[in-house]
2 protein chains.
Amino acid sequence: MSDHSARARRRGEELIRAIHDAVLEEVVEVGAGRLTMDGIARRAATPRTTLYRRWSDPIEVLLDALYHQHPVEEPTPGADDLRGDLIRALRLMVEWALSPAGRAVATILTDPKSVALMSEALFERVFANRGGTFTRTVLQHYADRGRFPVELLTPVVADIGEALVTKRLIDTGTAPSDEDLSAIVDQAILPAIGLGPGGPGAARA
Amino acid sequence: MSDHSARARRRGEELIRAIHDAVLEEVVEVGAGRLTMDGIARRAATPRTTLYRRWSDPIEVLLDALYHQHPVEEPTPGADDLRGDLIRALRLMVEWALSPAGRAVATILTDPKSVALMSEALFERVFANRGGTFTRTVLQHYADRGRFPVELLTPVVADIGEALVTKRLIDTGTAPSDEDLSAIVDQAILPAIGLGPGGPGAARA
DNA sequence: GGATTTAGATACATGAATGTAGCTAATCGC
DNA sequence: GCGATTAGCTACATTCATGTATCTAAATCC
């Protein structure tokens with residue numbers, strides 16, 4: 001009877017990854033507010049004692065999991081296709097937002113206890129370049145190449161795409177289709193940088 | 001010894017209002033996920049039994065409280081001042097979002113258990129015209145009067161202002177200043193309806 | 001003023017999560 | 001191989017929320 005334990009004993013990195021996965025699944029199911037050490041431990045199939053050896057409460061586990069997430073893919077502006085690159089950037093954002101990590105971030109941001117537990121530094125590390133830099137990268141690229149006036153690339157303008165996608169996600173709870181993303185680009189972002197659907201100045205005609 | 005109880009006994013409307021107030025305070029402090037009958041009862045200084053007589057769980061209490069909130073003030077377009085009316089509409093929205101009810105809605109929307117408990121109808125009643133119709137009312141008014149082409153007032157365009165204000169609230173956690181609201185109107189909304197800062201077609205020059 | 005309704009004050013059994021402790025045994029480093 | 005580390009297991013006292021039940025007494029209706 002050498003194998004009364006079904007699975008080889010996990011340790012170090014492997015175990016921690018399992019716990020990180022567990023907490024991300026758990027938070028999507030019950031919300032950041034109802035996270036418990038017990039629930040995480042059960043889902044990760046590990047004793048609670050293992051959790052207490054490393055973290056002091058469920059939110060710590062969650063933040064740690066997010067901290068160790070692989071960074072999201074960055075939008076990489078390629079050919080001379082501003083419109084297409086913007087749509088692709090927003091698609092990347094949607095993808096991230098629907099991932100376990102993205103959903104976890106959403107619940108954290110409206111949970112008072114979680115927010116209180118986050119240091120500035122952690123906030124920076126976890127959220128920077130995720131909810132806010134998808135279209136900015138693309139816009140900066142084309143502004144630098146003179147496709148539109150740099151002074152139009154204000155903080156507000158850089159946020160338009162992300163803001164509208166976020167609102168849609170909250171309102172409908174479902175992923176925006178490619179047509180939705182195109183509409184956002186054509187009707188909100190491009191006009192803001194002086195490039196209406198029919199080209200510069202088209203709105204006048 | 002007729003007053004061994006410090007306060008006159010509350011009943012009916014008065015008691016219910018106290019409970020509604022309590023649950024709204026409670027949810028802002030602990031989040032929708034950590035709401036408990038116990039916590040609400042303590043804050044309202046009433047026995048738990050009183051709560052169970054009317055509601056079956058904490059989320060029900062919260063939804064009921066929101067359901068009975070007085071509706072928000074509606075933006076009322078007045079003089080011929082599209083820009084000013086848009087800014088005022090967004091200011092109304094910020095005001096609402098920072099109120100107890102607004103904060104409660106924010107936590108509810110990212111709490112899986114709460115969302116699951118909301119029927120379509122209740123959702124409609126509680127959230128309609130709150131997160132989404134501040135600038136739309138104004139824009140519709142001026143579109144009808146021919147100040148800009150009606151076909152430019154798409155669902156996406158009607159969402160721009162609310163989306164950007166929401167994003168700011170989430171990102172910074174603080175209320176946008178009037179300059180911030182002006183920037184949103186000038187740099188995002190007006191361009192989208194063909195009215196750039198310098199008037200129609202200005203982006204071309 | 002008497003009957004009805006309903007808040008307020010217990011009390012209690014149950015279940016869940018907490019945080020700690022002690023032991024066993026698998027895995028790793030040398 | 002041997003010692004150090006660290007999962008895994010079990011137990012336990014504590015705290016908190018739950019849901020129900022019972023009784024008292026204040027407010028209201030007629």
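Just so we're on the same page: letters track the sequence lines, and every chain starts at 1.
- Here the C1' atom of nucleotide dA17(D) and the OH atom of Y52(B) are 7 Å apart, to the nearest Å.
- Across all strands, G12(A) comes closer than 4.0 Å only to sugar-phosphate atoms, never to a base (heavy-atom distances).
- Atom CD of E14(A) and atom P of dA26(C) are 16 Å apart (whole Å).
- When the P atom of dG15(C) is taken as reference, atom CG of D38(A) falls 15 Å away, rounded to whole Å.
- Atom CZ of R48(A) is separated from atom P of dA21(C) by 14 Å (rounded to the nearest Å).
- Between dT6(C) and R53(B), no contact under 4.0 Å exists linking OP1 or OP2 to a side-chain N or O.
- The base of dC16(D) is not paired with the side chain of T36(B) by any donor and acceptor separated by under 3.5 Å.
- Contacts of R34(B) with the nucleic acid, taken as non-hydrogen atoms under 4.0 Å apart, are absent.
- Atom CD1 of I16(B) and atom C1' of dA7(C) are 12 Å apart (whole Å).
- Applying side chain to side chain donor-acceptor pair (under 3.5 Å) to D144(A) and the options Q140(A), H141(A), R147(A) leaves one that passes, Q140(A).
- Counting only N and O atoms by type, the side chains of D80(B) and Y142(B) include no donor and acceptor under 3.5 Å apart.
- Nearest heavy-atom pair, P191(B) versus D186(B), reported as atom, atom and distance to 0.1 Å: CD-O, 3.1 Å.
- For dC29(D), neither phosphate oxygen OP1 nor OP2 lies less than 4.0 angstrom from any side-chain nitrogen or oxygen of R11(B).
- Comparing atom distances between the R42(A) side chain and each of dG8(C), dG8(D), dA17(C) picks out dA17(C) as nearest.
- Relative ring orientation between W96(A) and F134(A) is described as tilted, the plane-to-plane angle lying within the 30° to 60° band.
- Rounded to an integer number of Å, the gap from CG of L15(A) to C1' of dA25(C) is 16 Å.
- Phosphate contact (OP1/OP2 of dG8(C), side-chain N/O of T46(B), threshold under 4.0 Å): present.
- Rounded to whole Å, atom C1' of dG19(D) lies 17 Å from atom CH2 of W55(B).
- Relative to the side chain of R54(B), the nucleotides dA17(D), dG8(D), dA7(C) differ in distance, and dA7(C) lies closest.
- Distance alone, capped at 3.5 Å, places no donor-acceptor pair between the E26(B) side chain and the L35(B) backbone.
- If you take CD of E60(A) and C1' of dG19(C), they are 16 Å apart, rounded to a whole angstrom.
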